[in-house]
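Following: one structure in structure tokens, then a few remarks.
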Amino acid sequence: MTAPVFVVDEVPDGPEYVLEGPEGRHAVSVKRLRPGEEIVLTDGRGRWTEGVVRAAEGKDRLVVSDLTGIQEEPAPTPRITVVQALPKGDRGELAVETMTETGVDAIVPWSASRCITQWKGERGVKALGKWRATAREAGKQSRRVRFPEVADAMTTRQVAALLAEADLAAVLHEERDYGSEPLATAELPTTGEIVLVVGPEGGVSPEELQVFAAAGARTYRLGRTVLRTSTAGTAAVALLLGRTGRWS
């Protein structure tokens, strides 16, 4: 297994570093790392370094030595952004977690017309914070050094503007007799940006489909079965990562 990942504000460039605070506590008291074990320190934006645990002090201090110097993982291409309609309950965090583990590059919460859940006021701020915290923790768990960006929630018009700038603008739509194409055979760009819209449980409304079509988006389906909104994005990201060669 690859070395566990811990997040720092700034990746250290020196030969030694002391990991403290919540990350240090997690390393010492939860992961129970011991001298000689390797770890990765990252800022979550692609910069990272690897080192060896020299000592664990108290409950929240980990002394790391033999740092390998700052390295940077290039931004992947094509970049994959999933516009995720707001699911009910904690299924939003589930979608963020599994898409992050799979390899999505950005997640955009979308207040679709058929969403039962709507982010307003303090509730919206709290929910967005949970999505971002989930992306961070899932990024660490899956040993990523470049975590997905979780944008502010967007309206349908804002999502349409995002689709208009994409090299591939796709909307997952499983409605019978609609004429959606298989995502498995869609022509994919080798560079640039792929933006994929995942609708709510009730589906993307005809009005929203019209707005997205005007922005240049096309509708696609994953297969014969209909997935829940919290799993469709993960399945689509996996398919795109395999087809673009990013999983090769």
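One-based numbering along the sequence shown. We use all heavy atoms of the structure for the numbers below, so side chains are in, but hydrogens, waters and symmetry mates are not.
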Margin query: I'd like to know whether CD of E57 has more than 12 heavy-atom contacts from other residues, nucleotides or ligands below 6.0 angstrom.
Written below: yes
Checklist line | Residues E23 and K140 bridged, charged N to O under 4.0 Å | finding: yes
Margin query: Please check this pair: side chain of D105 against backbone of I80, looking for a donor-acceptor N/O pair closer than 3.5 Å.
Written below: yes
Checklist line | side chain to side chain donor-acceptor pair (under 3.5 Å) contacts in which one or both residues fall within residues 124-134, not counting sequence neighbours | finding: R132-D152
Notebook entry, point to check: Does CD in Q118 sit with more than 12 non-hydrogen atoms of other residues, nucleotides or ligands closer than 6.0 Å?
Noted result: yes
Note to self: Any side-chain to backbone donor/acceptor pair from R114 onto P200? Under 3.5 Å, distance only.
What the structure shows: no
Check: Is the CD atom of Q141 crowded by more than 12 outside heavy atoms at less than 6.0 Å?
Finding: no
Check: Do S111 and W119 meet the criterion of a side-chain donor-acceptor pair at a distance under 3.5 Å?
Finding: no
Margin query: Checking I116 now: which residues fulfil side-chain contact (heavy atoms from CB on, under 4.5 Å) with it, not counting sequence neighbours?
Written below: K88
Item checked: Close side-chain approach of Y220 and V171, heavy atoms under 4.5 Å -> no
Check: Does any donor atom in the side chain of S113 or E208 lie under 3.5 Å from an acceptor atom in the other side chain?
Finding: yes
Checklist line | Under 3.5 Å donor-acceptor, T117 side chain and P87 backbone | finding: yes
Margin query: Would you say that L172 contacts L227 through its side chain, given a criterion of any heavy-atom pair below 4.5 Å between the two side chains?
Written below: no
Next item on the list: With H173 as reference, evaluate V197, V198, T219 under the side-chain contact (heavy atoms from CB on, under 4.5 Å) test and give the passing residue.
Entry: T219
Item checked: R218 atom CZ, neighbour heavy-atom count above 12 within 6.0 Å -> no
Notebook entry, point to check: Would you say the side chains of T49 and Q71 form a donor-acceptor pair under 3.5 Å?
Noted result: no
Item checked: Check: R243 side chain, A184 main-chain N or O, donor-acceptor pair, under 3.5 Å -> yes
Item checked: Residue pair D13 / G69: nearest heavy atoms and the distance that separates them -> OD1-CA, 4.2 Å
Notebook entry, point to check: Ring centroid separation for W48 and F147, is it under 6.0 angstrom?
Noted result: no
Notebook entry, point to check: Could you give the distance from CG (L41) to OG1 (T68), rounded to the nearest 0.5 Å?
Noted result: 9.0 Å
Notebook entry, point to check: Would you say H26 and K31 make side-chain contact, with heavy atoms under 4.5 Å?
Noted result: yes
Next item on the list: For A85 and T229, work out which heavy atoms get closest and say how close.
Entry: O-OG1, 4.2 Å
Notebook entry, point to check: Which atom pair, heavy atoms only, marks the closest approach of P4 to L33?
Noted result: CG-CD2, 4.3 Å
Check: What heavy-atom pair brings T102 and T98 nearest, and what distance separates the two atoms?
Finding: OG1-O, 2.7 Å
